[in-house]
Amino acid sequence: NKIDAVLAPKIKGVSNLSLALAASDCKLDFFVSFASMAQVVGWPGQSNYAAANAFLEAFVAWQRHHGIPAQCINWGVFAQSGQVARDERLTNYMTRAGWRGLQDDTITKRLFEVIACDEPVVSIYEADCQEIARNNIPLATSSRLAPLTSAQHADEKDSVAAAPLYQLEGEALRQQAEWLVRNSIADVVRSDIESLAHCDQLNDAGIDSLSMFELRIQLERQSGLVV
C-alpha cells in the first residue's frame, strides 16, 4: 500500500545494509543516512514520509551500538538536485511555505562538516521560520518548535483577530468566506477569480493533491482557522 511503499526504501535499505555490516569485518570511516526535515517539523499529508525519516534518525543509536560510525542528517529542501528541484510546482509550493533551497555546493560543504564533527544527528536547512509559522497555524502553536516560531505567532494574533471574517455573521459572513476561498484558489492556480465563477468542485478549478496543500496554507493564513 501507499504507506509501505514510502517506508520500505528507507527502513529496509538502512536495516539490511547495517545488518550486513554488523555481521562482517568491514570497518567504515563513516555511514551517513539522509533523512528530512519532514520528520522534524511535520509535513502536511506526509506522515508516512515523516515516519520513514524518523526511523533513520532513531536507527543511528542501534548502528553505533553495533560499531557502525553512523550519522543522520535531516536535510531541508535541495534547490538543484532531488525531487523538489525536478518539480517546478513543488518548488513553488515549498518556497511559498517558507522553505529555501540548499545549493549543491552548500550541501557538500555541510556534509563534510557533519562527518568531521561526529554528531549522531544533525538538521541542516535554509528557511524563513517566521514565514513557515505564518503559513502553518498548528506548527506556529507547537511547543516543540516554540523557540523558532513563538515570536512571530504572537505578532500574528492581533492581525488574525482583526480579520474581517471575524467581524461578520449571517449572509455577509457567507459571502466573505466564499470570496476568500475563491480568491485563494485563484492565487494557487495562478488564475483570475472571475474564471472560477462556474467551478463547482476543486478539481474543476485545477486543484490537485499537491496544490491542495498550498490552498490549505492560503486559507489558514488569511482566515486564522485550522483547515
Side-chain angles (χ1 to χ4, degrees), residues 6 34-54 57 72-107 109-111 114 121-163 165 180-181 183-191 206-227:
V6 175
F34 279 23
S36 168
M37 287 295 293
Q39 69 92 11
V40 178
V41 301
W43 234 252
Q46 296 279 303
S47 58
N48 50 0
Y49 182 64
N53 286 286
E57 178 178 311
C72 179
I73 303 176
N74 293 310
W75 291 104
V77 175
F78 286 9
Q80 296 173 290
S81 54
Q83 181 180 359
V84 174
R86 293 192 295 268
D87 190 327
E88 183 178 358
R89 293 178 61 207
L90 186 55
T91 298
N92 291 337
Y93 163 68
M94 298 300 290
T95 300
R96 289 164 68 93
W99 295 95
R100 306 293 179 256
L102 291 161
Q103 301 297 312
D104 284 351
D105 57 345
T106 299
I107 294 168
K109 179 181 179 181
R110 295 291 179 263
L111 173 60
V114 170
V121 178
V122 178
S123 295
I124 300 174
Y125 64 96
E126 290 183 8
D128 183 340
C129 294
Q130 311 307 327
E131 183 70 13
I132 292 173
R134 284 193 295 270
N135 288 323
N136 193 322
I137 292 176
L139 181 61
T141 58
S142 169
S143 59
R144 184 180 185 186
L145 300 177
L148 295 177
T149 62
S150 58
Q152 178 62 42
H153 182 59
D155 294 339
E156 289 288 311
K157 287 181 180 178
D158 291 339
S159 61
V160 169
L165 203 61
L180 175 63
V181 171
N183 188 67
S184 297
I185 293 173
D187 188 43
V188 168
V189 300
R190 314 302 194 265
S191 181
I207 296 292
D208 56 18
S209 58
L210 175 60
S211 52
M212 180 64 76
F213 294 138
E214 189 173 353
L215 176 60
R216 183 184 66 83
I217 287 175
Q218 288 272 15
L219 292 174
E220 289 185 345
R221 182 174 182 178
Q222 295 188 48
S223 70
L225 303 173
V226 177
V227 178

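None of these values were measured; they are calculated from a predicted model.
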Exercise for review: For V84 and M94, work out which heavy atoms get closest and say how close.
Suggested key: CG1-CG, 4.3 Å

Point to revise | Minimum side-chain heavy-atom gap V41-Y125 below 4.5 Å | key: no

Review point. Between atom CG of D128 and atom CH2 of W99, what is the distance when rounded to the nearest 0.5 Å?
Key: 11.0 Å

Revision key, fill the gap. Smallest heavy-atom separation, M37 atom then S123 atom, equals SD-CB, 3.7 Å

Exercise for review: Could you pull out the closest heavy-atom pair between Q80 and A85, with the gap in Å?
Suggested key: C-CB, 3.6 Å

**Study point:** Gap separating the CD1 atom of I124 from the OG1 atom of T106, nearest 0.5 angstrom
**Key:** 10.0 Å

Practice item. For L102 and G76, work out which heavy atoms get closest and say how close. Key: CD1-N, 4.2 Å

Check your understanding: Looking only at heavy atoms, what is the nearest atom pair of S36 and N74, with distance?
Key -> O-OD1, 3.5 Å

Point to revise | Partner residues of A79 under the side-chain contact (heavy atoms from CB on, under 4.5 Å) criterion, sequence neighbours left out | key: Q103

Exercise for review: Kindly compute the distance separating CD (Q83) from OG1 (T91), expressed to the nearest 0.5 Å.
Suggested key: 10.0 Å

Check your understanding: Can any side-chain N or O of R86 pair as donor or acceptor with the backbone N or O of S81 at less than 3.5 Å?
Key -> no

Practice item. To the nearest 0.5 angstrom, please state how far the CZ atom of R110 sits from the CG atom of D105. Key: 9.5 Å

Point to revise | Point-to-point distance, once rounded to the nearest 0.5 Å, from CZ of F78 to CD of E126 | key: 11.5 Å

Practice item. Taking the side chain as every heavy atom from C-beta outward, state whether N53 and W75 have any atom pair closer than 4.5 Å. Key: no

